[in-house]
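Down below is the structure, laid out as structure tokens.
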Amino acid sequence: MLKREGFTYNKPHKKFPSDAEIVFYKSEKELLTETFRLMWKYPIIITFNGDNFDLNYMFHRANKLKINRDLNPIHVKRGFGILSKAECDLRKGIHIDLFTFFFNRSISGYAFGGAYESSSLNAISDALLGKEKYHHDEEIHEMEYNILSWYNLKDSLLTLELTKFNSSLVWNLIILLCRITKMPIHEMVRRQISTWIQNLFYFEHRRRGFLIPRRAEISELKKGGFKKSVIEGKGFAGAYVVPPVPGIHYDVVVMDFSSLYPSIIKESNLSYETVLCPHPDCEDNLLKGTPYHTCTHKMGIFAYVVGFFRDIRVKYFKPKSGDKNLSEKQRSYYNTIQQALKVFINGSYGVFGSLNFPLFCLPVAESTTAIGQYSIKQTIKKSEEIDVKVLYGDTDSVFLLNPTKTQMQKLSKWSKDELDLDLEEEKTYQFLALSERKKNYVGIYKDTKYVDIKGLVAKKKNTPEFIKKTFSDLLEILKNVTNNDEFSKAKSEIIEIVKENFRKIGKADTFSLEDYTINISMQKNLKDYTKVVPQHVRAAMELKNATGKEYQKGETISFVKTKGPIGAKAIELAKLQDIDPKKYKELLKSALEQVLDALGISFDEIKGIKKMDAFF
DNA sequence: CTGTTCCTGCTTTAT
DNA sequence: GTATAAAGCAGGAACAGA
């Protein structure tokens, strides 16, 4: 039994480490002073809380509690106040906010392959460590102190472990990215990929003794704009999507160009200074699919850096990462380097195509995608010449109907010779259902039987769970289909499932409130919806009026569709009887139509359609 | 007045 | 504050026919 300053403390939480000790301080001031003492002592402080919240808060409280300024290890650079996102760092030592690092889209997407869905400590720990935060049912302010201290300690342990796991992968990655970008840790972890690449390129200019051009100097000299984007308001035309051949297909091989855009940038010598260069003798060196030419005298700085990164990754670091002669630790380190390089290789096109990038050059961005379009279109042409049917393709891929090994080799060789691009076999579908819709299909891998769903409504996170369930039931049946006979058999089972689920909507003891829940994120704050107010925003507004809880930009609101003028109700307020069955039947119908379309089943074909119509 | 078509805004995905 | 292409829903304006 521990006793301190009026708190009775029965026993440490059962998971509390035996060598750890809980210390109670007399006051917040005493606690903060002790925390500051420790912060001065350690060279690196790692936290997990966005917007420097921890440092901001401590700085703010220290002022309030009149702690001697000399004792405060925190330096606030810009802004003041805990809600103002003031920028903080340490007067001595380095502060790393892991949240900002993991939240970075390039880190989550390229370095961790989208392993975690949200950037919360719980989601990331779960995905990368297989561990979760301490689960609690009670509110934090209601927790007993022994539980609360374990909760806090567990958070700290997870944060530390996130930097140490897998031979310190994250820590190594941070140091590598700093070395590549020539940025200090504090800056690097807080900036996005555009700043990383900008800094890297400025360094390369200085190293060569080049003047760094101003944005206007590039844009005035090289105007571009030869082809408009198909979407209004976009800066330039993007990729080509092959119109799909609707229907059921068996044994479909997908071949794709490995890192298409970086390869194009390197092979076509694309850079702001080489595209539309002033040399008269370069004017004949036209870029395929564009009205532009590129330089034959010098290698462009974009092409050089992107090409160099791509080459050392593919030819040196990737093979090293799998070299059995090296120790586990060495391989893992090479793998980290390889992943760090991937961040820059994959991010380069997006940055070069961004109007905000200081070295933005429209003809470079256009050429990258136009050469991509040219490449995929030529590949389709070539495939047809050697009698391989192309069923679909998107940006850098072609879906080939049952090609022979020889045909595939022929196509690969042709691509290398004619386009300077590596076209490789990626995967084979034993079964592929295409509809008329682009970016929408269901395929089943030949080897692993993995069901690959792309684009379908049933996969989207804003689709209610009961529709997803109906869908997965349907897919279970499709899994074993390898030919048309089996398909006809599957068809009647599918029709049964569809009918069954329609009957269940709105009936008692079938689906729960959670099954009907729709999750939609708010891309703006409530007050910024001025043109139209979508249903999820109306639900959020109603919730704010009723309970005071306000959803912020970027947060996801959960609601159900209801009868009445608002048409939606936040899950916090909703009851099962509030739902509008009619709307949900329409949702299920349109979601299923997408896949039934591809399977060649029309909705009328489903027996009892007359009966179902009665529900509408 | 009523039902349909078209357009715009918004969200989410594919690459 | 890395890109464009494309889908689909919701809601309202425009339109057609009574």
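Not measured: the values here are computed from a predicted model. Per chain, numbering begins at 1; letters A, B, ... match sequence-line order.
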Name the nucleic acid region contacted by A:F357, choosing base, sugar-phosphate or nothing; use a 4.0 angstrom heavy-atom cut-off, strictly under.
-> nothing
Any residue of residues 452-460 of chain A with a heavy atom less than 4.0 Å from an atom of DNA chain B | A:I453, A:K454, A:G455, A:K459, A:K460
For A:A365, answer base if it contacts any base atom (sugar-phosphate contacts may also be present), sugar-phosphate if it contacts only those atoms, and nothing otherwise; contact means non-hydrogen atoms under 4.0 Å.
-> nothing
Just say parallel, tilted or perpendicular for the rings of A:F352 and A:F302, cut-offs at 30° and 60°.
-> parallel
Counting N and O atoms only, with roles assigned by atom type, does the side chain of A:S268 sit under 3.5 Å from a partner on the main chain of A:I265, one being a donor and the other an acceptor?
-> no
With sugar-phosphate meaning primed atoms plus P, OP1 and OP2, does A:I520 contact a base, only sugar-phosphate, or nothing at under 4.0 Å between heavy atoms?
-> sugar-phosphate
For A:S397, report the nucleic acid contact type (base, sugar-phosphate, nothing); a contact means any heavy atom under 4.0 Å.
-> nothing
Would you say the side chain of A:K439 and the base of C:dA6 hold a donor-acceptor pair, judged only by whether the two atoms sit under 3.5 Å apart?
-> no
Touch class at under 4.0 angstrom, heavy-atom based, for A:Y441 against every strand present = sugar-phosphate
When you compare the protein's N or O atoms with those of nucleotides 11-13 of chain C, which come within less than 3.5 Å of each other, and at what distance?
{"residue": "C:dG11", "atom": "OP1", "partner": "A:R538", "partner atom": "NH1", "Å": "2.9"}
{"residue": "C:dG11", "atom": "OP1", "partner": "A:R538", "partner atom": "NH2", "Å": "2.2"}

If the plane angle is over 60° it's perpendicular, under 30° parallel, otherwise tilted; pick one for A:Y272 and A:H205.
-> parallel
Tell me what A:G350 touches on the nucleic acid: a base, only sugar-phosphate, or nothing, going by heavy atoms under 4.0 Å.
-> base
A:Y261 atom OH is separated from C:dA3 atom P, nearest whole Å, by 14 Å
A:S590 near the nucleic acid: base, sugar-phosphate alone, or nothing, with a heavy-atom cut-off under 4.0 Å?
-> sugar-phosphate
Does the A:T294 side chain pair with the main chain of A:N269, one donor and one acceptor, at a distance under 3.5 Å?
-> yes
salt_bridge(A:R310, A:D422) N-O dist < 4.0 Å = yes
Identify whether any heavy atom of A:G567 sits under 4.0 Å from a base atom; if not, whether one sits that close to sugar-phosphate; answer base, sugar-phosphate or nothing.
-> nothing
With heavy atoms under 4.0 Å as the rule, sort A:F236 into base, sugar-phosphate or nothing.
-> sugar-phosphate
